[in-house]
Amino acid sequence: MKLSRFNIVSLTLGFAFLYLPILVLVIYSFNASKLVTVWAGFSTRWYVKLFHDEAFLQAALVTLKVALASASIATVLGTMAAWVLVHISRFPGRTLFSGMIFAPLVIPDVILGLSLLLLFIAMNVDRGVTTIIIAHATFSMCYVAVVVSSRLITFDRALEEAALDLGATPFQAFSLVTLPVIAPAVVSGWLLSFTLSLDDLVIASFVSGPAATTLPMRVFSQIRLGVSPEINALSTILITLVTIGVITTSIFSKRSALARTDETGG
Amino acid sequence: MSDTASGRTGNPGERLRRALLIAVPYLWLGLFFLAPFVIVLKISLSDSVLAIPPYTPTLDLSRGWEGVVAMFRAFDLENYVWLTEDDLYWRAYLSSLQIAALSTLLTLLAGYPIAYAMSRAPERWRPILLMLVILPFWTSFLIRVYAWMGILGQNGFLNQLLMGLGLIDSPLVILGTPVAVYIGIVYAYLPFMVLPIFSSLDRLDRSLIEAALDLGCSRLQAFWLVTWPLSRPGIIAGCLLVFIPAVGEFVIPSLLGGSRTLMIGKVLWDEFFANRDWPLASAVAVVLLLILVLPILLFQRHAERQQRRADE
């Protein structure tokens with residue numbers, strides 16, 4: 001099948017629009033000038049400066065901690081929720097349950113952040129890393145539930161039944177039969193949660209206390225005042241990490257998909 | 001879905017496990033998602049006391065039921081009356097809806113041709129094209145919006161390019177205007193539009209278009225009478241996925257919109273962090289949620305219907 005000229009033009013323009021701004025950002029991170037918009041030769045001084053910025057390193061550490069913890073909690077809760085959504089068709093309050101899974105996906109961040117903060121204040125909880133982890137786990141588990149349930153739907157339950165009939169405990173049946181099949185979805189749910197947590201500015205700003213500043217909060221307070229070359233350097237590092245991560249996982253998942261088709265085919 | 005395990009529900013151990021499996025995520029969402037909304041509703045009906053908690057009325061549990069009654073008696077709609085009287089809030093809601101609607105339309109216009117071309121691309125290209133659309137989505141939202149600050153500014157990349165080419169004499173003012181917000185929303189939300197449209201175009205049965213062409217339709221007619229209607233589920237999902245979050249958007253208007261762009265997400269943020277009027281911020285949130293209830297319900301129904309269709 002050959003692409004028509006119209007389609008080639010749409011793809012070229014579309015991807016140029018998606019990638020040129022990021023490319024400009026990356027190029028200017030190597031600019032020697034402090035004026036971000038004037039090119040004054042190649043330099044890596046902003047990277048050096050970034051790695052000596054204590055506040056940034058501290059914020060990066062907090063962000064990483066929050067993302068690891070919240071993604072792990074969200075994956076467990078989200079997988080449970082997905083199992084309930086797919087396999088238990090009737091229980092009291094099921095409509096409310098599925099509503100609570102869908103709603104956080106689309107409700108604006110400002111509302112989620114404000115409401116959680118008011119809850120933490122009402123409960124008289126000290127705000128900081130823990131409250132950010134709880135907040136992130138709450139909205140991330142809904143994404144995990146959606147991703148995992150779309151995989152669970154295609155899973156043949158008879159396999160699990162067979163394991164149970166052959167004497168496996170329900171836990172064994174789940175971990176030895178179901179989990180390996182839905183594992184790719186669980187892993188991508190975890191990665192999605194991790195990224196959402198790394199990314200979040202609004203909710204973290206609401207529920208965090210004076211002791212905890214995440215990287216997006218630090219970045220936001222700086223770029224509010226205008227473009228800064230240090231932030232360009234930081235962005236370039238993050239973009240590189242994300243690109244490597246996405247390409248690696250996609251190669252990995254393609255390979256495991258191939259291995260699966262080989263198994264069933266051969 | 002059939003409940004294949006129903007034969008085992010008699011077993012008390014199994015029943016307990018099920019109850020636990022339901023209870024844990026249910027309680028978590030109830031505590032950290034539902035309960036906060038009840039609190040927001042309560043505070044939006046309260047008066048602010050010098051903008052610091054506690055708000056009157058508070059629930060005095062030591063007085064038992066009488067305390068509960070006293071709390072409800074003292075609730076009033078003062079904050080909501082305030083919202084309707086000060087036209088800042090009216091204008092902010094209306095302008096958020098208008099900005100979100102127009103940028104959803106622009107995102108559709110930009111996203112449809114991309115999704116269409118992707119679905120027409122040779123089979124072996126498609127995974128790569130798909131990854132190229134998804135990749136920006138994994139990159140920080142904040143960074144993607146920030147990238148435009150350097151491009152659209154007074155001395156930004158775009159102005160330098162246009163002036164260098166001799167197309168304009170003085171720099172264009174884009175950053176700090178609604179135009180920058182439109183660009184930001186289209187850019188940030190484009191993958192959410194392209195992906196659902198692509199997935200419905202990808203499923204489309206090609207022979208239908210061939211049949212339309214054989215029966216004498218022009219290519220344009222075939223597109224308009226066959227392809228467009230069959231891709232409607234993707235268009236609806238894409239539009240809702242862009243429109244709903246765009247209405248409450250905070251990052252884009254605050255970084256690109258300047259003081260001239262009025263959006264409700266920013267108003268809520270300022271009311272909370274700058275003016276420290278928590279009851280009023282809560283009332284703003286409740287009204288915003290009421291505005292979004294309809295599109296959110298539409299989205300949920302649409303998603304469930306699509307899932308059911310996929311099951312069959």
Side-chain angles (χ1 to χ4, degrees), chain A residues 1 3 7 10-11 14-15 17-18 21-22 24-25 28 36-37 77 80-81 83-84 86-89 91 97 99-100 102-104 106-111 114-116 118-119 121-122 134 138 141 153 157 161 170 195 198-199 201-202 216 219-220 223 227 231 235 238-239 242-243 246 250, chain B residues 1 3-4 17-18 21-22 24-26 28-29 32-37 39-40 43 53 113-114 117 120-122 131-132 135-136 138-143 146-151 153 155-157 160 190 244-245 247-248 250-251 255 265 268-269 272 281 285 288-289 296 299-300 303 311:
Chain A
M1 203 177 351
L3 275 176
N7 287 334
S10 343
L11 281 181
F15 287 114
F17 177 64
L18 277 176
I22 295 175
V24 171
L25 185 79
Y28 275 93
V36 226
T37 48
L77 289 170
M80 288 171 91
W83 204 90
V84 171
V86 173
H87 289 322
I88 308 184
S89 46
F91 61 89
F97 187 75
M100 287 196 297
F102 272 106
V106 283
I107 285 181
D109 290 352
V110 280
I111 298 184
L114 176 76
S115 62
L116 267 166
L118 295 175
L119 172 83
I121 287 174
I134 292 174
T138 306
M141 70 172 276
I153 282 173
R157 212 100 197 260
E161 302 272 304
T195 320
L198 284 187
D199 233 23
L201 162 75
V202 175
V219 169
F220 184 68
I223 60 180
V227 182
I231 302 288
S235 309
L238 290 176
I239 290 166
V242 167
T243 312
V246 170
S250 81
Chain B
M1 262 146 288
D3 215 345
T4 41
R17 244 189 311 277
R18 260 168 186 252
L21 212 49
I22 297 172
V24 174
Y26 211 130
W28 181 286
L29 284 173
F32 295 117
F33 179 69
L34 205 58
F37 282 107
I39 294 172
V40 169
I43 291 179
I114 300 174
R120 288 310 168 92
M131 198 171 83
L132 282 173
L135 193 58
W138 291 90
T139 315
S140 166
F141 188 83
L142 195 57
I143 289 174
Y146 166 73
W148 284 96
M149 289 175 72
I151 294 172
N155 305 309
F157 186 74
Q160 283 186 359
L190 193 61
I244 299 169
V247 174
F250 164 75
V251 174
L255 288 180
L268 194 157
W269 178 286
F272 189 82
L288 176 56
L289 201 60
I296 288 174
F299 175 72
Q300 194 187 344
D311 288 349

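Quick note on labels: first sequence line is chain A, next is B, and so on, each numbered from 1. Model, not experiment: these values are computed from the prediction.
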ask   = Do you know which of A/Gly14, A/Ala122, A/Ser235 has the most heavy-atom pairs with chain B at a distance under 4.5 angstrom?
value = A/Ser235
remark   = Rounded to the nearest 0.5 angstrom, the CD1-CZ distance for B/Ile22 and B/Arg17 is 13.0 Å
query = With only heavy atoms counted, which part of B/Phe32 is less than 4.5 Å from chain A, the side chain, the backbone, both or neither?
reply = both
ask   = At a heavy-atom separation under 4.5 Å, does A/Leu198 approach chain B through its side chain, its backbone, both, or neither?
value = neither
query = Given a strict heavy-atom distance threshold of 4.5 Å, which part of A/Phe91 is in contact with chain B: side chain, backbone, both, or neither?
reply = side chain
remark   = When the 4.5 angstrom heavy-atom criterion is applied to A/Ala81 and chain B, the contacting part is both
query = Contact part of A/Phe15 toward chain B, heavy-atom cut-off under 4.5 Å: side chain, backbone, both or neither?
reply = side chain
inquiry  = On a heavy-atom basis, which atom in A/Leu11 and which in B/Ala117 lie closest, and how many Å separate them?
reply    = CG-CB, 3.5 Å
ask   = With only heavy atoms counted, which part of A/Thr138 is less than 4.5 Å from chain B, the side chain, the backbone, both or neither?
value = both
Pairwise side-chain contact, A/Phe97 with A/Ile88, heavy-atom cut-off 4.5 Å (strictly under) = no
ask   = Which atoms of A/Val202 come close to chain B, meaning under 4.5 Å heavy atom to heavy atom: side chain ones, backbone ones, both, or neither?
value = both
note = Counting heavy-atom pairs under 4.5 angstrom with chain B, the leader among A/Ser10, A/Ala103, A/Gly99, A/Ser115 is A/Ser115
inquiry  = Between B/Leu255, B/Leu288, B/Leu268, B/Val40, who has the most heavy-atom pairs with chain A when the cutoff is under 4.5 Å?
reply    = B/Leu255
task = Check each atom of B/Leu190 against the heavy atoms of chain A and say whether the ones under 4.5 Å are side chain, backbone, both or neither.
result = side chain
query = Is any side-chain heavy atom of A/Ile111 less than 4.5 Å from a side-chain heavy atom of B/Phe37?
reply = yes
inquiry  = To check you understand the geometry: which heavy-atom pair defines the closest contact between A/Leu18 and B/Pro136, and what is its length?
reply    = CD2-CG, 4.3 Å
Heavy-atom closest pair, residues B/Gln160 and B/Asn155 = NE2-O, 3.3 Å
inquiry  = Is A/Met141 in contact with chain B via its backbone, its side chain, both, or neither, using a 4.5 Å heavy-atom distance?
reply    = side chain
ask   = Quick one: what part of A/Pro170 sits under 4.5 Å from any heavy atom of chain B, side chain, backbone, both or neither?
value = side chain
ask   = So what's closer than 4.5 Å to chain A heavy atoms on B/Leu21: side chain, backbone, both or neither?
value = both
query = Measuring heavy-atom distances to chain B, does A/Leu119 have an atom under 4.5 Å in its side chain, in its backbone, in both, or in neither?
reply = both
inquiry  = Which atoms of B/Trp148 are under 4.5 Å from chain A, going by heavy atoms: the side chain, the backbone, both sets, or neither?
reply    = side chain
note = Cut-off 4.5 Å, heavy atoms of chain A, and the answer for B/Ile114 is both
inquiry  = Does any backbone or side-chain atom of A/Ile223 lie under 4.5 Å from a heavy atom of chain B? Answer side chain, backbone, both or neither.
reply    = both
inquiry  = For the interface with chain B, which of A/Ile134, A/Asp109, A/Ile239 has the highest count of heavy-atom pairs at distances below 4.5 Å?
reply    = A/Ile134
ask   = Using a cut-off of under 4.5 Å for heavy-atom pairs, which of B/Phe141, B/Trp269, B/Tyr26, B/Phe250 has the most such pairs with chain A?
value = B/Tyr26
query = Which residue out of B/Leu34, B/Leu289, B/Leu132 racks up the most heavy-atom pairs below 4.5 Å with chain A?
reply = B/Leu132
ask   = Quick one: of A/Leu201, A/Ile22, A/Leu238, A/Leu77, who has the most non-hydrogen atom pairs under 4.5 Å with chain B?
value = A/Leu77
note = dist A/Asp199:CG -> B/Trp138:CH2 (nearest 0.5 Å) comes out at 10.5 Å
query = Going from CE on B/Met131 to OG1 on A/Thr243, what distance comes out if it is rounded to the nearest 0.5 angstrom?
reply = 9.0 Å
